[in-house]
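Below: the structure, in C-alpha coordinates.
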Amino acid sequence: MRGTLPGSSLMAGKERRAGGYLLREKTTEFQKALLRWFARHRRDLPWRHTPTPYRVWISEILLQQTRVRTALPYYERFIKRFPNLRSLARASEPEVLELWAGLGYYARARNLRRAAAMIVHRHHGRFPATQRELLSLPGIGRYTAGAILSIAFNQPEPIVDGNVRRLISRLHGITRRRSEEYFWRQATAWIPPDRASQFNQAVMELGALVCLPSGPLCAQCPVSGFCEAGIRGIADRIPPPRSKRASQEVRLVLTVVECDGRVLLCTKQPMDFVPGDWGLPAAAIGPAEMAHPAAHALARGALRMSVRLREAGTVSHAITYRRIRAQVFNATLKVKTGLPRPAAGYDWVGRAEAERLVTSSLYRKALRTRSG
DNA sequence: AAAACGTGGTT
DNA sequence: TAACCAAGTTT
(Lines give C-alpha, C1' and ligand atoms only; values in the text may rest on other atoms or scores of the structure.)
Protein backbone atom coordinates (compact mmCIF):
# COMPACT_ATOMS: atom_id res chain seq x y z
CA MET A 1 0.00 0.00 0.00
CA ARG A 2 1.12 3.50 -0.76
CA GLY A 3 0.39 6.54 1.27
CA THR A 4 2.08 8.39 4.03
CA LEU A 5 1.54 8.96 7.65
CA PRO A 6 1.66 12.16 9.58
CA GLY A 7 4.95 13.90 9.59
CA SER A 8 6.49 12.31 6.55
CA SER A 9 8.60 14.19 4.09
CA LEU A 10 5.40 14.92 2.28
CA MET A 11 4.71 17.62 4.81
CA ALA A 12 6.37 20.58 3.25
CA GLY A 13 8.12 23.69 4.44
CA LYS A 14 7.30 25.33 7.70
CA GLU A 15 4.45 22.96 8.37
CA ARG A 16 6.70 19.94 8.46
CA ARG A 17 7.96 20.21 12.01
CA ALA A 18 5.08 19.17 14.23
CA GLY A 19 4.58 15.46 14.52
CA GLY A 20 7.66 14.77 12.50
CA TYR A 21 8.53 11.69 14.47
CA LEU A 22 6.19 9.41 12.56
CA LEU A 23 7.79 7.43 9.81
CA ARG A 24 6.62 6.74 6.33
CA GLU A 25 6.90 3.02 6.80
CA LYS A 26 4.29 3.03 9.53
CA THR A 27 1.51 3.95 7.14
CA THR A 28 0.49 0.41 6.34
CA GLU A 29 0.33 -0.44 9.99
CA PHE A 30 -1.82 2.60 10.65
CA GLN A 31 -4.20 1.78 7.83
CA LYS A 32 -4.57 -1.80 8.97
CA ALA A 33 -5.22 -0.84 12.57
CA LEU A 34 -7.85 1.67 11.56
CA LEU A 35 -9.57 -0.62 9.05
CA ARG A 36 -9.64 -3.47 11.54
CA TRP A 37 -11.17 -1.24 14.17
CA PHE A 38 -13.77 0.02 11.70
CA ALA A 39 -14.77 -3.46 10.61
CA ARG A 40 -15.59 -4.19 14.20
CA HIS A 41 -17.06 -0.93 15.47
CA ARG A 42 -18.77 0.68 12.53
CA ARG A 43 -22.29 1.81 13.26
CA ASP A 44 -25.16 0.30 11.38
CA LEU A 45 -26.31 3.41 9.53
CA PRO A 46 -29.02 3.26 6.89
CA TRP A 47 -26.92 4.90 4.17
CA ARG A 48 -24.37 2.14 4.62
CA HIS A 49 -26.84 -0.59 3.71
CA THR A 50 -26.82 0.04 -0.02
CA PRO A 51 -24.27 2.77 -0.63
CA THR A 52 -25.33 3.81 -4.09
CA PRO A 53 -24.02 7.17 -5.28
CA TYR A 54 -27.49 8.65 -4.86
CA ARG A 55 -27.84 7.51 -1.28
CA VAL A 56 -24.33 8.46 -0.34
CA TRP A 57 -24.93 11.88 -1.83
CA ILE A 58 -28.17 12.42 0.07
CA SER A 59 -26.59 11.29 3.31
CA GLU A 60 -23.56 13.51 2.85
CA ILE A 61 -25.67 16.57 2.21
CA LEU A 62 -27.85 15.80 5.21
CA LEU A 63 -24.79 15.33 7.39
CA GLN A 64 -23.20 18.67 6.53
CA GLN A 65 -22.83 20.43 9.87
CA THR A 66 -25.45 18.05 11.22
CA ARG A 67 -25.16 15.21 13.71
CA VAL A 68 -25.84 11.66 12.64
CA ARG A 69 -28.56 11.35 15.24
CA THR A 70 -30.33 14.42 13.91
CA ALA A 71 -30.01 13.45 10.26
CA LEU A 72 -31.25 9.89 10.71
CA PRO A 73 -35.03 10.41 10.63
CA TYR A 74 -34.66 12.94 7.82
CA TYR A 75 -32.73 10.44 5.76
CA GLU A 76 -35.35 7.75 6.20
CA ARG A 77 -38.14 10.09 5.21
CA PHE A 78 -36.21 11.53 2.32
CA ILE A 79 -35.31 8.21 0.76
CA LYS A 80 -38.83 6.93 1.18
CA ARG A 81 -40.25 9.96 -0.56
CA PHE A 82 -37.50 10.37 -3.13
CA PRO A 83 -36.02 6.91 -3.62
CA ASN A 84 -33.96 7.85 -6.65
CA LEU A 85 -32.55 10.64 -8.77
CA ARG A 86 -35.54 10.92 -11.04
CA SER A 87 -38.12 11.20 -8.32
CA LEU A 88 -36.09 13.99 -6.74
CA ALA A 89 -35.53 15.74 -10.05
CA ARG A 90 -39.26 15.72 -10.64
CA ALA A 91 -40.13 17.16 -7.22
CA SER A 92 -41.05 20.78 -6.63
CA GLU A 93 -38.94 22.93 -4.36
CA PRO A 94 -41.62 23.26 -1.66
CA GLU A 95 -41.98 19.49 -1.60
CA VAL A 96 -38.30 19.07 -0.86
CA LEU A 97 -38.24 21.96 1.59
CA GLU A 98 -41.13 20.45 3.48
CA LEU A 99 -39.07 17.35 4.19
CA TRP A 100 -36.17 19.54 5.23
CA ALA A 101 -38.05 21.76 7.66
CA GLY A 102 -36.33 21.99 11.01
CA LEU A 103 -32.95 20.80 9.75
CA GLY A 104 -31.45 24.15 8.81
CA TYR A 105 -29.20 25.24 5.94
CA TYR A 106 -32.09 25.13 3.54
CA ALA A 107 -29.92 25.90 0.55
CA ARG A 108 -28.92 22.25 0.85
CA ALA A 109 -32.45 21.17 -0.01
CA ARG A 110 -32.81 23.59 -2.90
CA ASN A 111 -29.45 22.58 -4.30
CA LEU A 112 -30.26 18.91 -3.94
CA ARG A 113 -33.25 19.25 -6.18
CA ARG A 114 -31.46 21.45 -8.71
CA ALA A 115 -28.52 19.09 -8.85
CA ALA A 116 -30.78 16.09 -9.32
CA ALA A 117 -32.38 17.76 -12.30
CA MET A 118 -28.98 18.62 -13.71
CA ILE A 119 -27.78 15.05 -13.39
CA VAL A 120 -30.89 13.72 -15.07
CA HIS A 121 -30.55 16.12 -17.97
CA ARG A 122 -26.81 16.49 -18.40
CA HIS A 123 -25.83 12.96 -17.51
CA HIS A 124 -29.00 11.17 -18.49
CA GLY A 125 -29.59 10.10 -14.92
CA ARG A 126 -26.17 8.51 -14.60
CA PHE A 127 -24.45 9.74 -11.47
CA PRO A 128 -21.19 11.53 -12.39
CA ALA A 129 -18.04 9.86 -11.13
CA THR A 130 -15.41 12.54 -11.60
CA GLN A 131 -14.46 15.35 -9.29
CA ARG A 132 -14.82 17.94 -12.02
CA GLU A 133 -18.39 16.97 -12.77
CA LEU A 134 -19.37 16.65 -9.13
CA LEU A 135 -17.92 20.04 -8.21
CA SER A 136 -19.97 21.65 -10.95
CA LEU A 137 -23.16 20.62 -9.18
CA PRO A 138 -24.72 23.05 -6.71
CA GLY A 139 -24.15 22.13 -3.09
CA ILE A 140 -21.25 19.79 -3.79
CA GLY A 141 -17.90 21.09 -2.63
CA ARG A 142 -14.53 19.48 -2.20
CA TYR A 143 -15.52 17.41 0.79
CA THR A 144 -18.77 16.04 -0.63
CA ALA A 145 -17.20 15.30 -3.99
CA GLY A 146 -14.48 13.32 -2.24
CA ALA A 147 -17.01 11.52 -0.08
CA ILE A 148 -19.08 10.41 -3.06
CA LEU A 149 -16.06 9.37 -5.11
CA SER A 150 -14.47 7.43 -2.29
CA ILE A 151 -17.45 6.00 -0.42
CA ALA A 152 -19.71 5.18 -3.37
CA PHE A 153 -17.15 4.61 -6.13
CA ASN A 154 -14.21 3.49 -3.98
CA GLN A 155 -11.93 5.95 -5.73
CA PRO A 156 -8.83 6.97 -3.76
CA GLU A 157 -10.03 10.55 -3.27
CA PRO A 158 -9.40 12.40 -0.03
CA ILE A 159 -11.94 13.89 2.32
CA VAL A 160 -11.41 16.53 4.97
CA ASP A 161 -14.16 17.27 7.39
CA GLY A 162 -14.21 18.31 11.02
CA ASN A 163 -13.38 14.79 12.15
CA VAL A 164 -10.44 14.47 9.82
CA ARG A 165 -9.06 17.86 10.80
CA ARG A 166 -9.24 16.98 14.47
CA LEU A 167 -7.76 13.54 13.95
CA ILE A 168 -4.84 14.82 11.90
CA SER A 169 -4.23 17.64 14.34
CA ARG A 170 -3.92 15.18 17.19
CA LEU A 171 -1.94 12.57 15.27
CA HIS A 172 0.52 15.31 14.35
CA GLY A 173 0.39 16.93 17.75
CA ILE A 174 -0.50 20.25 16.19
CA THR A 175 -1.44 22.98 18.59
CA ARG A 176 -1.69 25.85 16.15
CA ARG A 177 -3.79 26.58 13.13
CA ARG A 178 -2.82 25.00 9.84
CA SER A 179 -3.81 25.75 6.30
CA GLU A 180 -6.58 23.70 4.73
CA GLU A 181 -4.05 22.36 2.27
CA TYR A 182 -2.08 20.86 5.12
CA PHE A 183 -5.01 18.61 5.97
CA TRP A 184 -5.82 17.77 2.37
CA ARG A 185 -2.25 16.69 1.81
CA GLN A 186 -2.34 14.24 4.67
CA ALA A 187 -5.83 13.04 3.76
CA THR A 188 -4.57 12.35 0.25
CA ALA A 189 -1.39 10.66 1.37
CA TRP A 190 -2.83 8.14 3.77
CA ILE A 191 -5.55 6.57 1.62
CA PRO A 192 -5.01 2.89 0.87
CA PRO A 193 -5.58 3.00 -2.92
CA ASP A 194 -7.88 0.03 -3.09
CA ARG A 195 -9.83 0.59 0.12
CA ALA A 196 -10.69 4.26 -0.02
CA SER A 197 -14.34 3.70 0.80
CA GLN A 198 -13.80 1.85 4.04
CA PHE A 199 -10.79 3.90 5.03
CA ASN A 200 -12.40 7.30 4.63
CA GLN A 201 -15.45 6.15 6.51
CA ALA A 202 -13.21 4.70 9.18
CA VAL A 203 -11.39 7.97 9.68
CA MET A 204 -14.63 9.84 10.21
CA GLU A 205 -16.07 7.10 12.34
CA LEU A 206 -13.05 7.23 14.60
CA GLY A 207 -13.49 10.96 14.95
CA ALA A 208 -17.14 10.54 15.76
CA LEU A 209 -16.82 7.67 18.23
CA VAL A 210 -13.36 7.81 19.78
CA CYS A 211 -11.38 10.91 18.89
CA LEU A 212 -14.07 13.13 20.33
CA PRO A 213 -13.79 16.92 20.33
CA SER A 214 -13.71 17.01 24.09
CA GLY A 215 -12.80 14.05 26.22
CA PRO A 216 -11.24 11.83 23.54
CA LEU A 217 -11.26 8.13 24.45
CA CYS A 218 -7.57 7.56 23.86
CA ALA A 219 -7.59 4.34 25.86
CA GLN A 220 -9.93 2.81 23.30
CA CYS A 221 -8.19 4.23 20.27
CA PRO A 222 -6.84 1.74 17.76
CA VAL A 223 -4.19 4.19 16.54
CA SER A 224 -3.16 5.80 19.83
CA GLY A 225 0.31 4.40 19.28
CA PHE A 226 0.63 6.62 16.22
CA CYS A 227 -0.71 9.70 17.91
CA GLU A 228 1.64 12.43 19.03
CA ALA A 229 -1.02 14.16 21.09
CA GLY A 230 -2.04 10.89 22.71
CA ILE A 231 1.53 10.00 23.55
CA ARG A 232 2.18 13.44 24.98
CA GLY A 233 -1.17 13.45 26.76
CA ILE A 234 -2.30 16.69 25.18
CA ALA A 235 -5.17 15.39 23.02
CA ASP A 236 -7.57 17.32 25.21
CA ARG A 237 -6.03 20.62 24.16
CA ILE A 238 -6.29 19.92 20.43
CA PRO A 239 -7.60 21.51 18.37
CA PRO A 240 -7.24 24.96 19.92
CA PRO A 241 -10.44 26.98 20.31
CA ARG A 242 -11.33 29.01 17.28
CA SER A 243 -12.50 32.59 17.32
CA LYS A 244 -16.16 33.16 16.74
CA ARG A 245 -18.34 36.05 15.95
CA ALA A 246 -19.92 37.62 19.02
CA SER A 247 -23.56 36.72 19.33
CA GLN A 248 -26.18 39.37 19.07
CA GLU A 249 -29.46 39.54 20.93
CA VAL A 250 -32.62 40.14 18.98
CA ARG A 251 -36.05 40.78 20.43
CA LEU A 252 -39.09 39.92 18.37
CA VAL A 253 -42.82 39.94 18.71
CA LEU A 254 -44.76 37.29 16.79
CA THR A 255 -48.48 36.95 16.34
CA VAL A 256 -50.45 33.77 15.93
CA VAL A 257 -53.84 35.03 14.86
CA GLU A 258 -56.39 32.35 14.12
CA CYS A 259 -59.79 32.47 12.56
CA ASP A 260 -62.01 29.64 11.47
CA GLY A 261 -59.22 27.08 11.64
CA ARG A 262 -56.81 29.22 9.74
CA VAL A 263 -53.67 31.07 10.74
CA LEU A 264 -52.48 34.42 9.49
CA LEU A 265 -49.13 34.07 7.75
CA CYS A 266 -46.77 36.40 5.92
CA THR A 267 -46.25 35.48 2.33
CA LYS A 268 -42.93 37.24 2.37
CA GLN A 269 -40.42 36.70 5.10
CA PRO A 270 -40.74 39.67 7.47
CA MET A 271 -37.37 39.03 9.12
CA ASP A 272 -34.66 38.58 6.55
CA PHE A 273 -32.51 36.43 8.83
CA VAL A 274 -35.26 33.85 9.30
CA PRO A 275 -35.30 31.20 6.58
CA GLY A 276 -38.29 30.22 4.49
CA ASP A 277 -40.75 31.80 2.11
CA TRP A 278 -43.53 31.88 4.66
CA GLY A 279 -43.48 33.22 8.17
CA LEU A 280 -45.52 34.47 11.05
CA PRO A 281 -46.18 38.20 11.25
CA ALA A 282 -43.12 39.46 13.11
CA ALA A 283 -41.51 42.68 14.19
CA ALA A 284 -38.21 43.47 15.84
CA ILE A 285 -38.41 45.59 18.97
CA GLY A 286 -35.86 47.50 20.95
CA PRO A 287 -34.28 46.27 24.18
CA ALA A 288 -36.58 48.37 26.35
CA GLU A 289 -39.59 48.46 24.10
CA MET A 290 -42.95 47.21 25.34
CA ALA A 291 -43.89 44.05 23.51
CA HIS A 292 -47.64 44.27 23.68
CA PRO A 293 -48.08 47.58 21.87
CA ALA A 294 -45.65 46.44 19.21
CA ALA A 295 -47.57 43.23 18.69
CA HIS A 296 -50.82 45.15 18.56
CA ALA A 297 -49.46 47.49 15.92
CA LEU A 298 -48.21 44.49 13.99
CA ALA A 299 -51.61 42.81 13.97
CA ARG A 300 -53.34 46.06 13.10
CA GLY A 301 -51.03 46.54 10.16
CA ALA A 302 -51.71 43.04 8.92
CA LEU A 303 -55.48 43.01 9.32
CA ARG A 304 -56.29 46.71 9.25
CA MET A 305 -58.33 46.30 12.37
CA SER A 306 -57.72 46.22 16.07
CA VAL A 307 -57.14 42.76 17.48
CA ARG A 308 -57.22 41.78 21.11
CA LEU A 309 -54.02 39.84 21.75
CA ARG A 310 -52.85 37.89 24.71
CA GLU A 311 -49.26 36.96 25.37
CA ALA A 312 -48.92 33.23 24.95
CA GLY A 313 -45.30 32.78 25.92
CA THR A 314 -41.74 33.25 24.88
CA VAL A 315 -39.77 31.33 22.33
CA SER A 316 -35.99 31.25 22.30
CA HIS A 317 -34.17 30.38 19.16
CA ALA A 318 -30.73 30.96 17.71
CA ILE A 319 -29.98 31.55 14.04
CA THR A 320 -26.26 31.59 13.35
CA TYR A 321 -24.95 34.36 15.59
CA ARG A 322 -28.33 35.83 16.49
CA ARG A 323 -29.95 34.85 19.75
CA ILE A 324 -33.62 35.48 19.32
CA ARG A 325 -36.09 35.97 22.12
CA ALA A 326 -39.56 36.16 20.65
CA GLN A 327 -42.69 37.00 22.58
CA VAL A 328 -45.66 35.24 21.05
CA PHE A 329 -49.11 36.81 21.03
CA ASN A 330 -52.26 34.87 20.29
CA ALA A 331 -55.69 35.88 19.15
CA THR A 332 -58.65 33.92 17.91
CA LEU A 333 -61.07 35.94 15.81
CA LYS A 334 -64.78 35.29 15.67
CA VAL A 335 -66.08 34.41 12.26
CA LYS A 336 -69.40 36.16 11.99
CA THR A 337 -68.59 37.97 8.81
CA GLY A 338 -66.01 35.63 7.36
CA LEU A 339 -62.27 35.99 7.36
CA PRO A 340 -61.06 39.58 7.57
CA ARG A 341 -59.22 40.48 4.40
CA PRO A 342 -55.53 40.82 5.27
CA ALA A 343 -53.21 43.54 4.00
CA ALA A 344 -50.89 42.81 1.11
CA GLY A 345 -48.22 40.30 2.02
CA TYR A 346 -50.41 38.40 4.46
CA ASP A 347 -52.65 35.44 3.96
CA TRP A 348 -54.93 33.08 5.85
CA VAL A 349 -53.74 29.52 5.70
CA GLY A 350 -55.19 26.34 7.16
CA ARG A 351 -53.47 25.17 10.28
CA ALA A 352 -52.13 21.98 8.70
CA GLU A 353 -51.06 23.84 5.60
CA ALA A 354 -49.26 26.37 7.77
CA GLU A 355 -47.22 23.63 9.41
CA ARG A 356 -46.18 22.51 5.96
CA LEU A 357 -45.38 25.95 4.58
CA VAL A 358 -43.47 27.36 7.50
CA THR A 359 -39.88 26.24 7.31
CA SER A 360 -38.14 27.86 10.22
CA SER A 361 -38.06 26.26 13.62
CA LEU A 362 -38.57 29.68 15.16
CA TYR A 363 -42.06 29.96 13.72
CA ARG A 364 -42.80 26.31 14.24
CA LYS A 365 -42.08 26.71 17.92
CA ALA A 366 -44.28 29.78 18.05
CA LEU A 367 -47.08 27.97 16.26
CA ARG A 368 -47.01 25.35 18.98
CA THR A 369 -47.03 27.94 21.75
CA ARG A 370 -50.37 28.04 23.52
CA SER A 371 -51.65 30.11 26.41
CA GLY A 372 -49.31 31.37 29.05
C1' DA B 1 -10.72 35.34 3.14
C1' DA B 2 -14.02 35.92 6.15
C1' DA B 3 -18.65 35.74 6.92
C1' DA B 4 -23.08 33.92 6.33
C1' DC B 5 -25.92 30.15 6.55
C1' DG B 6 -29.87 26.87 10.88
C1' DT B 7 -30.60 23.90 14.17
C1' DG B 8 -30.73 20.86 18.23
C1' DG B 9 -27.77 18.33 21.13
C1' DT B 10 -23.89 18.82 24.63
C1' DT B 11 -21.13 20.79 27.87
C1' DT C 1 -27.70 29.05 30.82
C1' DA C 2 -24.51 30.51 27.39
C1' DA C 3 -21.23 28.70 24.47
C1' DC C 4 -19.73 25.27 21.62
C1' DC C 5 -20.25 22.29 17.93
C1' DA C 6 -21.48 18.90 13.81
C1' DA C 7 -19.82 13.90 7.66
C1' DG C 8 -19.49 22.06 4.59
C1' DT C 9 -20.68 25.28 0.71
C1' DT C 10 -21.04 29.64 -1.17
C1' DT C 11 -19.95 34.35 -1.97
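To find a chain, count down the sequence lines: A is the first, B the second, and so on, and within it residues start at 1. Note that this is a predicted model, so its numbers are computed, not measured.
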Q.
Taking CZ in Arg341(A) as the centre, count heavy atoms belonging to other residues, nucleotides or ligands within less than 6.0 Å. Is the count above 12?
A. no

Q) Heavy atom of residues 358-367 of chain A under 4.0 Å from DNA chain B: which residues? A) Ser360(A), Ser361(A), Lys365(A)

Q) Which part of the nucleic acid, if any, lies within contact of Ala71(A), taking any heavy atom under 4.0 Å across all strands shown: a base, the sugar-phosphate backbone alone, or nothing? A) nothing

**Q.** P gap between dA7(C) and dC5(B), integer Å
**A.** 22 Å

Q) What is the distance from CD of Gln201(A) to C1' of dA7(C), rounded to the nearest Å? A) 10 Å

(Q) When you compare the side chain of Pro53(A) with that of Val56(A), does any pair of heavy atoms fall below 4.5 Å? (A) no

Q) Under the side chain to side chain contact (heavy atoms under 4.5 Å, CB included) criterion, do Val68(A) and Trp47(A) qualify, and how do the steps go? A) CA-CA 11 Å; Val68(A) 166; Trp47(A) 45 86; 4.1 Å; yes

(Q) Do the side chains of Glu95(A) and Arg113(A) get close enough for a salt bridge, i.e. N-O under 4.0 angstrom? (A) no

Q: Taking only the side-chain heavy atoms of Arg245(A) (C-beta and beyond), determine which of dA7(C), dA4(B), dG6(B) contains the nearest atom.
A: dA4(B)

Q: In sequence, state the C-alpha distance, the side-chain angles, and the governing distance for Tyr143(A) and Gln64(A), and then conclude on side-chain hydrogen bond (donor to acceptor under 3.5 Å, both in side chains).
A: CA-CA 10 Å; Tyr143(A) 163 80; Gln64(A) 286 172 9; over 6 Å; no

Q) Between dA3(C), dA7(C), dG8(B), which one does the side chain of Ala208(A) approach most closely? A) dA7(C)

Q) Over how many whole Å does the gap from Trp100(A) atom CH2 to dC5(B) atom P extend? A) 18 Å

Identify each atom pair where a protein N or O and an N or O of nucleotides 8-11 of chain C are less than 3.5 Å apart, giving names and distance.
residue	atom	partner	partner atom	Å
dG8(C)	OP1	Gly162(A)	N	3.2
dG8(C)	OP2	Gln65(A)	N	3.0
dG8(C)	OP2	Gln65(A)	NE2	3.0
dG8(C)	O3'	Thr144(A)	OG1	3.4
dG8(C)	N7	Gln65(A)	NE2	3.4
dT9(C)	OP1	Gly141(A)	N	2.8
dT9(C)	OP1	Gly141(A)	O	3.4
dT9(C)	OP1	Thr144(A)	N	3.0
dT9(C)	OP1	Thr144(A)	OG1	2.6
dT9(C)	OP2	Tyr143(A)	N	3.3
dT10(C)	OP1	Gly139(A)	N	2.5

Q: Measure the distance from CD on Glu157(A) to C1' on dA7(C) and round it to the nearest whole Å.
A: 17 Å

Q.
Applying a 4.0 Å non-hydrogen cut-off, can you work out what Arg114(A) is touching in the nucleic acid: base, sugar-phosphate, or nothing?
A. nothing

Q.
Please give the distance between the P atoms of dC4(C) and dA3(B) as a whole number of Å.
A. 15 Å

Q) NA contact type, Leu45(A), heavy-atom cut-off 4.0 Å: base, sugar-phosphate, or nothing? A) base

Q | Arg251(A) and Gln327(A): CA distance, side-chain angles, deciding distance, side-chain hydrogen bond (donor to acceptor under 3.5 Å, both in side chains) verdict | A | CA-CA 8 Å; Arg251(A) 280 186 77 203; Gln327(A) 286 165 268; 2.9 Å; yes

Q) CZ of Arg126(A): more than 12 outside heavy atoms within 6.0 angstrom? A) no

Q: Would you kindly give the CZ-to-C1' distance between Phe273(A) and dA3(B), to the nearest whole Å?
A: 17 Å

Q. Can you find a side chain N or O atom of Arg108(A) that sits less than 4.0 Å from OP1 or OP2 on dG6(B)?
A. no

**Q.** Stepwise salt bridge (Lys or Arg N to Asp or Glu O under 4.0 Å) test for Arg262(A) and Glu353(A)
**A.** CA-CA 9 Å; Arg262(A) 292 165 186 259; Glu353(A) 179 76 354; over 6 Å; no

**Q.** Phosphate contact (dT1(C) OP1 or OP2) by Arg323(A) side-chain N/O below 4.0 Å
**A.** no

Q. If you look at every strand shown and take non-hydrogen atoms under 4.0 Å, does Gly207(A) touch a base, only sugar-phosphate, or nothing?
A. nothing

Q | Rounded distance (Å) that lies between atom P of dT1(C) and atom CD of Glu249(A) | A | 13 Å

Q.
Counting only side-chain nitrogens and oxygens, does His317(A) get under 4.0 Å of the OP1 or OP2 atom of dG6(B)?
A. no

Q: Walk me through it: do Gln201(A) and Arg48(A) pass the test side-chain hydrogen bond (donor to acceptor under 3.5 Å, both in side chains)?
A: CA-CA 10 Å; Gln201(A) 293 182 70; Arg48(A) 287 179 174 161; 3.1 Å; yes

(Q) By the 4.0 Å heavy-atom rule, please label Arg48(A) as base, sugar-phosphate, or nothing. (A) base

Q. Can you tell me if Arg195(A) uses its side chain to pair, donor with acceptor, with the backbone of Pro192(A) under 3.5 Å?
A. no

Q | Arg351(A) atom CZ, neighbour heavy-atom count above 12 within 6.0 Å | A | yes

Q) For Phe183(A) and dA7(C), what is the distance between atoms CZ and C1' respectively, to the nearest whole Å? A) 16 Å

Q | Trp190(A) and Phe199(A) aromatic centres sub-6.0 Å | A | yes

Q) Does the Asn111(A) side chain pair with the main chain of Pro138(A), one donor and one acceptor, at a distance under 3.5 Å? A) no

What does the list of N/O pairs under 3.5 Å between the protein and nucleotides 9-11 of chain B look like, with a distance for each?
residue	atom	partner	partner atom	Å
dG9(B)	N2	Arg67(A)	NH2	3.4

Q. Could you state the CD1-C1' distance from Ile324(A) to dT7(B), rounded to the nearest angstrom?
A. 11 Å

Q) If the P atom of dT9(C) is compared with that of dG8(B), how far apart are they to the nearest Å? A) 22 Å

Q) Roughly how many Å is it from CG in Leu209(A) to C1' in dA6(C), rounded to a whole number? A) 14 Å

